[in-house]
Amino acid sequence: AAQQRGSVSLSWRPPAERVDGESLPLTDIAGYIIYYGTRSGQYDFSTQPVLGAYNTSIEIDDLPLDTYYFVMTTVDTNGLESGYSSEAVKVVES
């Protein structure tokens with residue numbers, strides 16, 4: 001039998017400041033990257049960049065049923081990538 005798969009929807013608010021505390025205007029945000037895995041703190045997978053400061057949600061499909069741990073980074077218009085956000089946990093079930 002084929003392994004059951006599911007999907008997860010994530011959404012977030014754009015960060016208002018850089019890692020160093022300097023303000024981060026939305027016009028400086030190029031997009032976001034979601035990293036995820038099945039163990040806390042270990043992110044073996046990532047999405048293609050979600051382009052655009054205002055695109056603040058994603059659906060990740062075709063995931064084997066499991067518990068997943070997600071973090072996000074923000075990429076600015078100069079290509080600088082932030083550190084990881086706080087971790088979010090989602091269970092993908094049938």
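The basis for the numbers below is simple: all heavy atoms, side chains too, and nothing from hydrogens, waters or symmetry mates. Predicted model, so just to flag it, every value in this text is computed and none were measured.
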Electrostatic pair D28:R18 at N-O distance under 4.0 angstrom
yes
same_hphob_cluster(V91, F70) at 4.5 Å side-chain heavy-atom cutoff
no
Where the side chain of S82 meets the backbone of T74, is there a donor-acceptor pair that is under 3.5 Å apart?
yes
Strictly under 6.0 Å, is that where the ring centroids of Y43 and Y84 end up?
yes
Tell me whether V92 is reachable from I58 by hopping between hydrophobic residues (I, L, V, M, F, W, Y) whose side-chain heavy atoms are closer than 4.5 Å.
yes
Is there a path of hydrophobic side-chain contacts, each under 4.5 Å between heavy atoms of I, L, V, M, F, W or Y residues, that connects F45 with V89?
no
Looking at CG of L10 and OG1 of T56, how far apart are the two atoms once the value is rounded to the nearest 0.5 Å?
11.0 Å
Output the distance between atom OG1 (T67) and atom CD (E93), rounded to the nearest 0.5 Å.
8.5 Å
Side-chain contact test, heavy atoms from C-beta onward, threshold under 4.5 Å: evaluate it for L24 versus I29 and give yes or no.
yes
Nearest heavy-atom neighbours spanning V19 and G83:
CG2-N, 4.3 Å
What's the shortest heavy-atom distance between Q3 and P64, and which atoms?
NE2-CB, 3.7 Å
Donor-acceptor under 3.5 Å (Q42 side chain, G37 main chain):
no
At what distance, to the nearest 0.5 angstrom, does OH of Y69 lie from OG1 of T38?
8.5 Å
Over all atoms of both residues, closest heavy-atom pair of S9 and K90
O-NZ, 3.1 Å
Among the clusters formed by ILVMFWY side chains lying less than 4.5 Å apart, do I33 and M72 turn up in the same one?
no
Heavy-atom closest contact (P14 atom, A53 atom, distance):
CG-O, 3.8 Å
pair V71-Y36: side-chain heavy atoms closer than 4.5 Å
no
Closest non-hydrogen atoms of Y35 and S46, given as atom of the first, atom of the second and distance, are CD2-CB, 3.5 Å
Test side chain to side chain contact (heavy atoms under 4.5 Å, CB included) on L63 and V8 and set out the steps.
CA-CA 8 Å; L63 292 173; V8 66; 3.7 Å; yes
Determine whether the side chains of S23 and E17 contain a donor N or O and an acceptor N or O closer than 3.5 Å.
no
Look at the side chain of D76 and the backbone N and O of N78, then say whether any donor-acceptor pair between them is shorter than 3.5 Å.
yes
Should S40 and E87 be marked as a side chain to side chain donor-acceptor pair (under 3.5 Å) after you check the CA-CA gap, both sets of side-chain angles, and the distance that decides it?
CA-CA 8 Å; S40 179; E87 188 176 76; 2.8 Å; yes
Can you establish whether the number of heavy atoms outside Q48 located under 6.0 Å from its atom CD is more than 12?
no
The complete set of ring pair (Phe, Tyr, Trp, His ring centres under 6.0 Å) pairs with one or both residues in residues 5-34, sequence neighbours excluded, reads W12-Y32
